[in-house]
Amino acid sequence: MSSPSAPAPRVVLSTFPTPLEPAPRLAAAVGLRPDDLWIKRDDLTGLGGGGNKLRKLEFTAGAAHQAGADTLVTTGAPQSNHARLTAAAAARLGMKAVLVFPGSPGTSSSGNLVLDALLGARVVWAGDVDPQGLARAAAAVAEELRTAGSRPALIPFGGSSAVGALGYVTCGQELLSQLPELRHAVVALGSGGTMAGLVAALGSSAVLGVDVGARPEPGSLVCEFAAPSTEERLTPNRLRVRGDQVGAGYGTLTDPVRSALALAAGTEGLVLDPVYTGRAMAGLIAAVHDGDIRPGDKTVFLHTGGLPGLFGHSAAVAWATGRLDSTVRPR
Ligand SMILES: *Cc1c(COP(=O)(O)O)cnc(C)c1O
């Protein structure tokens, strides 16, 4: 038996620490002081196009690798950044990846799926299933692989578990060394592992999660995944979670998100995605408006990646393309 303090198995999939960059023009545009707002560039984690899921995979894929697995099996939406980065991690570790998605071929064909294909992943379409059905499909795929003589490991939805959250405990520690006076860390809340790790490292009062609508009760997931890494007694109502950016659901493009995408790009050249980081920025703007974040508060925005998802989101592509300022020069 290993001692409780034995370090969790980890593989290195990226270069840390990621940069922490000032965003003075965006800060002023949202009503903060120019030196209040910082961007944690976890979109620059590198491998496979980068993003927050790599920090979790260092631990979840690390455990699978150490246990002798040869194939990573995971689930997500067809535009899942997590699935794409699982494929990249598998390639880097000399393993195979099988991605189990709801829907059928043709449900989605651009954005992340282009990279999944390039990274050599196999995709299994599970048809019209709910989240439980998707999890069952992934378990069945793993069982088939095992019967065929492979050694599959299931990576949970979004890479989120207590083990995956360890990746964001280390990110929180990085942030404390980069900006000791940090007051708020603002992050998109999807499957919960990212916020969980940050809450464990920074305390629940320093982390503002912006629910993207990926999961019905993300706050309880955050508490579950953070629990082994913190002494704090967490309950969902102790967490700071904004639910006002979900709109009509996970895949929809809302007005506050359109404004946030345009503002971040126009003030700092910072490209956000319509599902996660766009909602997180819209939540940050709303938090400044209602006084939850005040001028003078050192605020870190977690840029968790997701750029390929922009190209896989037809409504966002149509909206952005429609803004193009173009003329034809007569000759
Ligand atoms: C998955 C994801 C998130 C949310 O992280 P969770 O750990 O699932 O809550 C945020 N941003 C991007 C770009 C993501 O892909």
Side-chain angles (χ1 to χ4, degrees), residues 18 39-45 48-60 74-89 99 111-112 115-116 131 155-172 185-201 207-226 229 239 241-243 245-246 250-251 257 260-261 264 270-284 301-313 316:
T18 55
I39 314 293
K40 179 64 167 167
R41 298 296 305 270
D42 266 20
D43 56 321
L44 300 182
T45 46
N52 65 327
K53 301 309 184 308
L54 282 177
R55 287 192 191 260
K56 300 193 267 185
L57 281 160
E58 289 202 335
F59 290 91
T60 54
T74 200
T75 59
Q79 283 302 326
S80 167
N81 298 304
H82 161 69
R84 182 237 317 160
L85 290 172
T86 301
L99 313 176
N112 276 296
L115 301 179
D116 296 342
I155 306 288
F157 182 90
S160 286
S161 60
V163 171
L166 295 174
Y168 271 86
V169 176
T170 61
C171 178
V186 181
V187 67
L189 168 55
S191 62
T194 303
M195 181 172 178
L198 292 173
V199 163
V207 185
L208 175 60
V210 181
D211 185 2
V212 305
R215 279 291 188 235
E217 294 199 20
S220 32
L221 295 175
V222 171
C223 294
E224 177 190 335
F225 302 150
S229 299
L239 300 174
V241 173
R242 294 190 78 95
Q245 301 303 328
V246 175
Y250 181 71
V257 166
L261 293 182
L270 190 69
V271 182
L272 305 178
D273 79 286
V275 174
Y276 293 99
T277 52
R279 279 196 170 90
M281 185 57 75
L284 185 154
F301 176 81
L302 270 288
H303 190 153
T304 44
L307 178 59
L310 174 64
F311 301 110
H313 194 296

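One-based numbering along the sequence shown. Counting starts at 1 for both ligands and their atoms, in listed order. Quick note: numbers below take in every heavy atom, side chains included, and nothing from hydrogens, waters or symmetry partners. Predicted model, so just to flag it, every value in this text is computed and none were measured.
- For ligand 1, the polar-atom distance check finds no N/O of Thr277 at less than 3.5 Å from any of the ligand's N/O atoms.
- Counting the atoms of ligand 1 from 1 in the order shown, those under 4.0 Å from a heavy atom of Ala188 are 4 (C), 10 (C).
- Counting heavy atoms closer than 4.0 Å to ligand 1, residue Ala280 contributes nothing at all.
- When each of Thr45, Leu115, Leu54 is paired with Leu85, the side chain to side chain contact (heavy atoms under 4.5 Å, CB included) condition holds for Leu54 and for no other.
- Here the heavy atom of the protein found nearest to atom 11 (N) of ligand 1 is Thr304 OG1, 2.6 Å.
- Any N or O atom pair closer than 3.5 Å counts here, and Tyr276 shares no such pair with ligand 1.
- Nearest residue to atom 4 (C) of ligand 1 from Asp273, Val275, Asn52 is Asn52 (criterion: closest heavy atom).
- In this structure, Thr18 and Lys40 have side chains that are in contact, with non-hydrogen atoms separated by less than 4.5 Å.
- From Thr277, atom OG1 reaches atom CG of Leu302 across 11.0 Å, with rounding to the nearest 0.5 Å.
- Using a 4.0 Å cut-off to heavy atoms of Ser160, the atoms of ligand 1 that qualify are 7 (O).
- At under 3.5 Å, not a single nitrogen or oxygen of Gly305, backbone or side chain, sits near a nitrogen or oxygen of ligand 1.
- For atom 7 (O) of ligand 1, the nearest non-hydrogen atom from the set Met195, Gln79, Arg215, Lys56 comes from Lys56.
- Not a single heavy atom of Gly51 sits under 4.0 Å from any atom of ligand 1.
- By the 4.5 Å heavy-atom criterion applied to side chains, Val210 and Leu284 are not counted as neighbours.
- Rounding to the nearest 0.5 Å gives a distance of 13.0 Å between CE of Met195 and CZ of Phe225.
- Contact detail for Ala282 and Val257: the closest heavy-atom pair is CB-N, 4.3 Å.
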| query | Is there a side-chain hydrogen bond (donor to acceptor under 3.5 Å, both in side chains) between Ser160 and Lys56 once you walk through the steps? | reply | CA-CA 7 Å; Ser160 286; Lys56 300 193 267 185; 3.0 Å; yes
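- Checked by atom type and distance alone, the side chain of Arg279 pairs as donor or acceptor with a backbone atom of Gln245 at under 3.5 Å.
- Taking a cut-off of under 4.0 Å to the non-hydrogen atoms of Gly192, the atoms of ligand 1 that pass are 6 (P), 7 (O), 8 (O), 9 (O).
- Of the candidates Gly278, Ser191, Gly190, Gly309, the one placing a heavy atom closest to atom 8 (O) of ligand 1 is Ser191.
- Listed for the Thr74 side chain is a donor-acceptor partner under 3.5 Å among the backbone atoms of Ile155.
- Tested against Asn52, the residues Asn81, Asp43, Thr194, Thr304 include a single side-chain hydrogen bond (donor to acceptor under 3.5 Å, both in side chains) partner, Thr194.
- Heavy-atom contacts of Gly306 reach the following atoms of ligand 1: 13 (C) (cutoff under 4.0 Å).
- Each of the following atoms of ligand 1 lies closer than 4.0 Å to a heavy atom of Gly193: 7 (O).
- The two atoms that bring Asp273 and Gly306 nearest to each other are CB-O, 3.3 Å, heavy atoms only.
- Close contacts of ligand 1 with Thr194, meaning ligand atoms under 4.0 Å from a residue heavy atom, involve 5 (O), 6 (P), 7 (O).
- Annotation for ligand 1: atoms under 4.0 Å from non-hydrogen atoms of Asn81 are 13 (C), 14 (C), 15 (O).
- Considering only non-hydrogen protein atoms, atom 2 (C) of ligand 1 sits nearest to Lys53 NZ, 2.3 Å.
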